[in-house]
Structures are given as structure tokens and as C-alpha cells.
Amino acid sequence: MGMSASQARLLYLTAQLNNLSLKGQNVSDAKARLALDTQAIQDKYIRALNSSRLYINSNIFATDGSVGQSEYITLENLEANGYKVTDGSKILGYKWERVPTGETEVIEGPPQPVASKPIYPTIEVDTKGFEDELVSEAGGIASTEKMQSIVAATGLGKEDLAVQSYTTKINGKETTLNAIVIKSQKGFDKIYETLQTEAKNGVLDNALEQNYSFDVDNVNLSTYKSTGIPFFKGIFDGNGVTISDLKGSQGLFRDVYGTVKNVNINGAVIQAEKSSLGGIAGYLAAGGTIENCNISNLKLICDLENKSYTEGYDSSRAGVGGVVGYNNGSVRNTSAQGEISIPNADDSFGFIGGFIGANVNAAYGDAANTIENCYSDVDVKLGNGVKYSNSINGFIGDDTYEAIIKNCISLGKITNANGQPIIGADLANWGPVIESDVTNLIALDTRNNDDVLYWEETKNPSFENGVRVQPSSITEETTALNNGTTVYTWLNPGAPGYENSSQATAKLNGLPVLNLEAIQNDGLSKNGKATVPNVAADPLGYQWEKTYVEVPKFEDKLVIDPDFKISSIELEEGLRSGVFTLVKEADKSSTQTISLNGVYYSTIALSCCSIITDETEEDVIRKAEAEYNREMQEIQAKDKRYEMDQKKIDTQYNAYIAEEESIKSVLSKNVERSFKTFG
């Protein structure tokens, strides 16, 4: 082979060697990839060996002794075993739906006019106050002899005092009676002195049993120190009079066995160490009544020395109230505003109420013990101690003997001497009343002096069963007046007469008020004009009344949701990850319960549910093993093929290397001979 041919052959061999090196590298890379594929196949096989599924009732034995086939968990087979699944907000596969119960209920329908209740146009008529002609009473006209003698003993003329008849309401009933009519300050002074003197002398069956009425707008007690008129048994009708400058150790009366009505007391200052104190009376006896009275700007201070009293009701303990200290009778259409101060109150002091200190009528539900249409805005200020009477209340201090309570408002605060609210731990009762059943009661939450609560019809009202939204239904109640008309018992904000109401705290809080002005004015005897229905005219229309209809009763019920779908795999993954939770229905008293739409459930841990088992799947393992063997055989076949390819490459490579070495040797010898020839 010549020089040029040898060199050409060397170039060819170099190219082939490079090509074989590249093929060898490719085979090497393929074997490396084969190793990775082998690892992946092994990992997949191991996962299959370790995999499992959740089964329900895996050991179901039939009656013939055979074992039933287990099933993957589903909502249906869990439900069949008493279990449900929740995502924390709802039960999977269920929805709430209003369904008929099969029962009916009566609801309010549209109002309808009532033909028996016509509304007539009005007409003005003359009204008379006091008549000189006396009416016949039990015992005849002679029964006024004591009244006449009392008036005669004063030495005053008819411009100051007179015995006259007049018509008024007593316990809601229109009544005509005879009375000593007080027409001036001088007349009032003489009667007041007569009543006090008679009591001091122990004569309790003369002046203290008579009827008194006022035909004067204002009188005052500035020249007297009130100790309270005792044992009053007659009728004391202020007819709208305002009594000012009452100062002393008791309200206007010490004891009332009769009726006190239509009296306004303004600016009274009462301070005493007495066991019963009230703005109008220390004690209101059984059968006694206080009607249509108003107390404003009251300052009542009781600094009775503390003693050790027996637990519970004790008549020797202090009874302090804005209107009455101890109450055994009825209070109607009455308001009180002011402040009661008890600087030395402690846990043994007594019964303190913004309106009434204590109810002491033992006859439950007795109509003679009624508190109705009353407004109380009397703040109770205690000392700076840490223990207080267990019967301090914004309305009635102690109500162990229940009264009938209807249409009342209590907005007085209970604070310490610095005006700070008394916290709940300091009082055994904070409610507006303690025992009585109430109808339409609005009261201040005296625990924080902020919240105003309402009870529509409640037995034993408490702050837990009061509501904070004042319903308008109470404003539909009406009161019949003497002139045949009716007025609303309650007035909503914006209603005629609302702004003129003196119930300042209620108005400040945007609450309904009692229509006391209209109700109280109806009980007054005044000369003038009155507007009454003209029953001789054609009716303008008719009063409307509620109607009631019977309708089907529905309830919210948990029913199956046919549109809800979830696979067994999704259910299993959710339970394993904690997104879903197993639950069973439970009683609300049970521990570890959750409430979903009013239904109580116990949560069940997946690991604690005996009907669910976590099992490997033999079919899945067999399939994984067959797939593993097949894939590994393919790997081995490829590996063998790569080995053979590598051997072929190595053989060719070695042959080319040997040929290359031989050619290089020949070329080297040829070069050496050439040097020798030319040298």
C-alpha cells in the first residue's frame, strides 16, 4: 500500500473509531436510563404492595356461614350503619327543606272592619266638675255629716273648702261620690293639719275615713315636715293637683288602706331611718290603690341602721320604693322619676326598688295586687361597699309574693355612690321583677345600664329570656275612656302625643311610651268642654280587628339531596385527609358534639369506627405483580440487547485500533527508508 493510500486509510479508521465511540456512549446512556426505569417500576410495585382501601362490613357472615363480600365505603352504606359524613358546615348528601308536618296552625290574617264597632264623628259637650247637690250614698245623705263637721271646724268658707259630689273613676269604674273639696292652699293646710292631728290623737275613724278631692291646681307643703298621713282609709283624689315642697321623713302618706289618685308630687325630699319609705306611701294595704299619680324629681334617702336579719323576707327589714315601700295593693297608671340613695346598704339591709320596695301580698295572681300601666325612672344609688342586699331592683326590690304586672317600663339605673354600674357578682337579682308573670314589660339591663330588654308575656322574666328588639305589637293595645272613645295604651316614636310625654328616658332611647297623659286626664273632674262620639250621626266607618286563619304547618327537615354525587375514592380521600368527618346523631347534652342546623352530632374518629376497615386489595396486588414482572422482563431484554450491541462495538473498535497501529508502523518504516535513500 502506497503512502497516500495508507494515509487515506488512517483517516477512514479515525472516522470509524469516532463513530463507534459515539455509538458506545449511546448504549451507555440507554443502560443508565434503563436503570432509572427499573427503579420506577420497583417503586410503583412497592406502592401497590403498601396500598389499601377503606371497606365497610368486611366480615359479613350470612346465615349459612359464608362470608359476604366487603364493599368500598359510600354515603349510602355508611348511612345504613348509622353514620353520616360532614365537611364541617353540612351533612354530605343532604339538604334542608321545608316540608308539611300534617298539622295546622292559626296565624294572623288581614284585618277586617267590625260592624258592631262603629266610628262616629265627634261633638263637643259641656262637662261639669263638682256639684253642690249631694248624691245618696250608703247610709243616706246623713253620711256626709262628718264631712260637713270637718269643714265647719276649720272655720273656712266655701271658697276654700266645701262638701260636694263629683264623678270619677275608681278601679276603672265610673263612680259618683261625695267628698270634701279642697279649693285653696288654706283649705289644703287645714285638711292636712286635721288629718295629722287626728292621727296623733289616736282618732282613726273620722277624718282619716273621708273622701277628699281638689279643685285647685297647685299646693305646697313648705311649712310642714311630712311624717306621712297614717291609716288613711278614704279616697284622696288630687284631681290633677301638683303638691310641691314635700320634705320630711315620709312621703305624703305613711299607710294607705283606701285610694290615692290623680296626685302629682314634684321635688319631694325624704330622708329617714324607717323600715318602709315611699314617695307616696310607706305602706299600701290590701285593697288599697294608687292610681293616676306622678312623682317627679324625687330625692329619697334611707340610712336605716343595718342589723342582722333572718334570711329571706322579713317585715322588719327596710322596704324602700319610689312610689311605695311595702305594697299589698294595686298601683295603676302611675309614673315615678328621681333618685333613691341607700348610703349604708349591705347584704342585710332590705328590699329596694325604683318603683316598689317589696310586694307582700301572699295571694298569688290576686287582681287586688296589680301593677299596670306604670313608668319607673328612679335611679338607685348604693354605698361604696362590696356586699349589697339580695333584693335590689330597678323596678320591684322583692317580689316573692307575686303581683299581676302589665304594661310597665323600668329604666332606672343601679349604681354605687360614684355612679358606676353594679356588676352582676354584687347582686343576687338584677331583673326588673323576681317572681311575677309579666305582660309587656320594658326594663333596663341594670348589669350594664345600657341594654334595654322587652318581655311580651313571660313567667319569671330574666335577662336571658328578654329580647332586645322592641316589637310594635304592644302599641295595638287600647284603653277605654269615660267619653266612650278608646286610646292606644302605648305610643310609638312619631305617634301623636309621643313628644309631649314626660317619659324622658324612654324617649331618649327611642322606646315606646305609655299614653299616661290621655289615660290620667280621663280620670279628672273639670268644668269645660269634652269631645265625645256623636252616636246620633251616621258612622264614619268601623273599627278594624285582626282575623285569624288556619294554615298548614311546616318544619325544616333534613332530606336526601338527589343531586349530590361523590365517588368512593373522593369520600375515602376526604376522610383520610381530615377534610371530611364521620358523625352520628347525638343528644345535645352529650359531650364532644357539634351542631349543624340545629341537629347535634357526635364526631367519630376514622380509626375508632369498627365497621370500617383499612385493607389491602389482593386483585390490585396480583395485577401490580404481573405488571412488574412484565415490565422487568422488558427491561432485562433491553439490557441484554444493549450488552450485545456493546460487544459488537468493542470488537469493531479493537479491530480498527489494530489496523490503525499496523498502518502507522508501515508508514513509519517507509519514512525511515526515504531518509536513508536521499541522505
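Only this structure's heavy atoms are used, side chains among them; waters, hydrogens and symmetry mates stay out.
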- Item | Full working for side chain to side chain donor-acceptor pair (under 3.5 Å) between Gln337 and Asn294 | CA-CA 8 Å; Gln337 177 272 321; Asn294 300 297; over 6 Å; no
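- With hydrogens and angles disregarded, a donor-acceptor distance shorter than 3.5 Å links the side chain of Asp379 to the backbone of Lys413.
- Of the N and O atoms on the side chains of Asp377 and Thr505, at least one donor lies less than 3.5 Å from an acceptor on the other residue.
- With a 4.5 Å cut-off on side-chain heavy atoms, Val241 and Asn264 do not count as touching.
- Nearest approach of Gly394 to Ser376, heavy atoms of both residues: O-OG, 3.9 Å.
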### Query
Taking it one step at a time, do Asn266 and Ser296 satisfy side chain to side chain donor-acceptor pair (under 3.5 Å)?
CA-CA 5 Å; Asn266 181 41; Ser296 56; 2.8 Å; yes
| task | Using the side chain to side chain donor-acceptor pair (under 3.5 Å) rule, take Tyr224 and Gln196 through it: C-alpha gap first, then chi angles, then the decisive distance, then the call. | result | CA-CA 11 Å; Tyr224 301 95; Gln196 294 281 27; over 6 Å; no
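- Atom NZ of Lys183 has more than 12 heavy atoms from other residues, nucleotides or ligands within 6.0 Å.
- Of all heavy-atom pairs between Thr370 and Ser330, the closest is N-OG, 3.0 Å.
- Below 30°, between 30° and 60°, or above 60°: for Phe232 and Phe253 the angle between ring planes is between 30° and 60°, a tilted geometry.
- Ser222 and Lys247 form no side-chain donor-acceptor contact under 3.5 Å, judged by distance and modelled atom types alone.
- Residues Phe236 and Phe214 place their aromatic rings such that the two centres sit under 6.0 Å apart.
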### Message
Test side chain to side chain donor-acceptor pair (under 3.5 Å) on Thr289 and Thr259; report intermediate values, then the result.
### Response
CA-CA 5 Å; Thr289 60; Thr259 297; 2.9 Å; yes
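- Between Phe351 and Tyr326, the ring planes lie perpendicular to each other; the angle is over 60°, past the 30° to 60° tilted range.
- For the residue pair Thr489 / Asn515, no side-chain donor-acceptor distance below 3.5 Å is found, with atom types taken as modelled.
- Atom NZ of Lys507 is surrounded by more than 12 heavy atoms from other residues, nucleotides or ligands within 6.0 Å.
- Side-chain contact annotation: Asn262 with Asn239, donor-acceptor N/O pair under 3.5 Å absent.
- Residues Asn178 and Asn211 approach most closely at O-ND2, 3.0 Å, considering heavy atoms.
- Nearest heavy atoms, Leu514 versus Glu517: O-OE1, 4.4 Å.
- Under a cut-off of 6.0 angstrom, the local environment of NZ in Lys186 is sparse, with at most 12 non-hydrogen atoms contributed by other residues, nucleotides or ligands.
- Heavy-atom contacts from other residues, nucleotides or ligands closer than 6.0 Å to CD of Gln185 number more than 12.
- With Asn373 as the fixed residue, the side-chain contact (heavy atoms from CB on, under 4.5 Å) test singles out one of Asn440, Thr334, Ile409, Ile519: Ile519.
- A salt bridge (Lys or Arg N to Asp or Glu O under 4.0 Å) check over residues 248-259, counting only residues at least two apart or in different chains, returns nothing.
- Counting all heavy atoms, side chain and backbone alike, Ala443 lies closest to Trp455 at CB-CZ3, 3.7 Å.
- A donor-acceptor contact closer than 3.5 angstrom is absent between the side chains of Ser249 and Thr227.
- Contact between Ile340 and Gly322 at its shortest, heavy atoms only, is CD1-N, 3.6 Å.
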**Request:** Please assess Gln164 against Tyr166 for the test side chain to side chain contact (heavy atoms under 4.5 Å, CB included), listing each intermediate value before the final yes or no.
**Result:** CA-CA 7 Å; Gln164 294 178 290; Tyr166 77 108; over 6 Å; no
